[in-house]
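Hydrogens, waters and symmetry mates play no part in the numbers below; they use all other heavy atoms, side chains included. Just so you know, residue 1 is the first one in the sequence shown, and it goes up from there.
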Amino acid sequence: MNKAAEIVKVGIADLSIVNSETVIRTSGLGSCVGVVLYESTSKIAGMIHIMLPDSSLGKQGVVNRRKYADTAIDELVNRLVQHGARKSLLRAKIAGGAQMFQFSKANDMMRIGPRNVEAVKKKLREHDIPICSEDVGGTNGRTIEFHPATGQLHIRTVNKGESVI
């Protein structure tokens with residue numbers, strides 16, 4: 001009998017780090033983007049649930065760095081390195097960034113999902129971390145689950161079924 005893997009849940013604007021014996025999951029990805037960074041040799045992985053593209057959008061005095069693409073990915077990379085991952089071996093998988101609502105006027109401020117995806121890709125390029133696969137855009141929400149032991153990202157998309165990238 002196989003032992004069921006422990007599942008670590010990542011909340012909105014939060015992150016977690018896991019190893020090969022643990023599965024990591026986040027749900028409720030609408031316009032938000034789930035970013036998984038992993039090192040396939042050590043089987044260490046981290047996931048973050050990003051809500052907005054840029055921390056300059058924050059109106060509070062203290063910014064939740066895990067909420068914004070421009071600060072969250074920096075924190076995830078630093079945490080992975082602190083846990084023993086080699087930055088040069090990190091790879092990314094991303095999902096989410098849907099356009100959840102349709103607007104009659106083209107307004108860039110309302111394109112949160114596409115802007116989140118653009119900001120995530122820009123930040124990953126700055127860190128020189130390649131994106132191995134992605135499932136972004138569309139108009140449906142997603143739940144994602146990453147398995148560090150296999151490097152597979154399981155995606156459940158509302159009204160679209162499941163896929164693995």
*Asks:* How close do Ala119 and Ala69 get, counting heavy atoms only, and between which atoms?
*Replies:* CB-CB, 3.7 Å
*Asks:* Any chance you could lay out the salt bridge (charged side-chain N to carboxylate O under 4.0 Å, His left out) test for Glu118 and Arg115, step after step, and finish with the verdict?
*Replies:* CA-CA 5 Å; Glu118 292 163 10; Arg115 289 175 51 222; over 6 Å; no
*Asks:* How close do His154 and Gln152 get, heavy atom to heavy atom, and via which atoms?
*Replies:* NE2-OE1, 3.6 Å
*Asks:* Looking only at non-hydrogen atoms, find the nearest pair between Pro114 and Gln99 and report the distance.
*Replies:* CD-OE1, 3.4 Å
*Asks:* Could you grab the distance from atom CZ of Arg156 to atom CD1 of Ile144, nearest 0.5 Å is fine?
*Replies:* 11.5 Å
*Asks:* Between Asn140 and Thr157, is there a side-chain donor-acceptor contact under 3.5 Å, judged purely by atom types and distance?
*Replies:* no
*Asks:* Regarding Asp74 and Lys123, does a basic nitrogen lie under 4.0 Å from an acidic carboxylate oxygen?
*Replies:* yes
*Asks:* Tell me if a side-chain donor or acceptor on Asp135 pairs with a main-chain N or O of Ala95 at a distance below 3.5 Å.
*Replies:* no
*Asks:* I would like to know whether Ile155 and Lys160 meet side chain to side chain contact (heavy atoms under 4.5 Å, CB included); could you show each step before the answer?
*Replies:* CA-CA 10 Å; Ile155 304 166; Lys160 298 256 180 175; over 6 Å; no
*Asks:* Evaluate the criterion side chain to side chain contact (heavy atoms under 4.5 Å, CB included) for residue pair Tyr68 and Met51; output intermediate values, then yes/no.
*Replies:* CA-CA 6 Å; Tyr68 305 97; Met51 290 181 65; over 6 Å; no
*Asks:* With hydrophobic residues grouped by side-chain heavy-atom distances under 4.5 Å, do Ile131 and Ile73 end up in a single group?
*Replies:* yes
*Asks:* Please check if Leu90 and Leu124 belong to a single hydrophobic cluster, counting links between Ile, Leu, Val, Met, Phe, Trp and Tyr side chain heavy atoms closer than 4.5 Å.
*Replies:* yes
*Asks:* Quick one: pull up CD in Glu21 and NZ in Lys43 and give me the separation to the nearest 0.5 Å.
*Replies:* 12.0 Å
*Asks:* Can you give me every donor-acceptor pair (side chain of residues 23-41, partner residue at least two apart or in another chain, under 3.5 Å) with its distance?
*Replies:*
from	atom 1	to	atom 2	distance (Å)
Arg25	NE	Glu145	OE1	2.8
Arg25	NH2	Glu145	OE1	2.5
Thr26	OG1	Val10	O	2.7
Thr26	OG1	His49	ND1	2.7
Glu39	OE1	Arg86	N	2.5
Glu39	OE2	Thr41	OG1	2.7
Glu39	OE2	Ser42	OG	3.2
Glu39	OE2	Arg86	NH2	3.3
Thr41	OG1	Arg86	NH2	3.3

*Asks:* With clusters defined by side-chain heavy atoms of hydrophobic residues (ILVMFWY) lying less than 4.5 Å apart, directly or transitively, does Leu76 cluster with Ile12?
*Replies:* no
*Asks:* Roughly how far, to the nearest 0.5 Å, is CD1 of Ile94 from CD1 of Ile48?
*Replies:* 13.5 Å
*Asks:* Tell me whether Val120 is reachable from Leu153 by hopping between hydrophobic residues (I, L, V, M, F, W, Y) whose side-chain heavy atoms are closer than 4.5 Å.
*Replies:* no
*Asks:* For residues Val117 and Val136, report the shortest heavy-atom separation together with the two atoms involved.
*Replies:* CG2-CB, 3.9 Å
*Asks:* More than 12 heavy atoms of other residues, nucleotides or ligands under 6.0 Å from CZ of Arg91: yes or no?
*Replies:* yes
*Asks:* Same cluster for Ile44 and Ile129 if Ile/Leu/Val/Met/Phe/Trp/Tyr side chains link at under 4.5 Å?
*Replies:* yes
*Asks:* Please find the pair of heavy atoms, one from Ala45 and one from Phe146, that lie closest to each other, and give the distance.
*Replies:* CB-CE2, 3.6 Å
*Asks:* Asp14 and salt bridge (Lys or Arg N to Asp or Glu O under 4.0 Å): which partner among Lys67, Lys9, Arg65, Arg66?
*Replies:* Arg66
*Asks:* Just verifying a value: how many Å separate Asn116 CG and Arg111 CZ, rounded to the nearest 0.5 Å?
*Replies:* 10.5 Å
*Asks:* How long is the gap from OG1 on Thr22 to CD on Glu6, to the nearest 0.5 Å?
*Replies:* 4.5 Å
*Asks:* Distance check, rounded to the nearest 0.5 Å: Leu80 atom CG versus Leu15 atom CG?
*Replies:* 8.5 Å
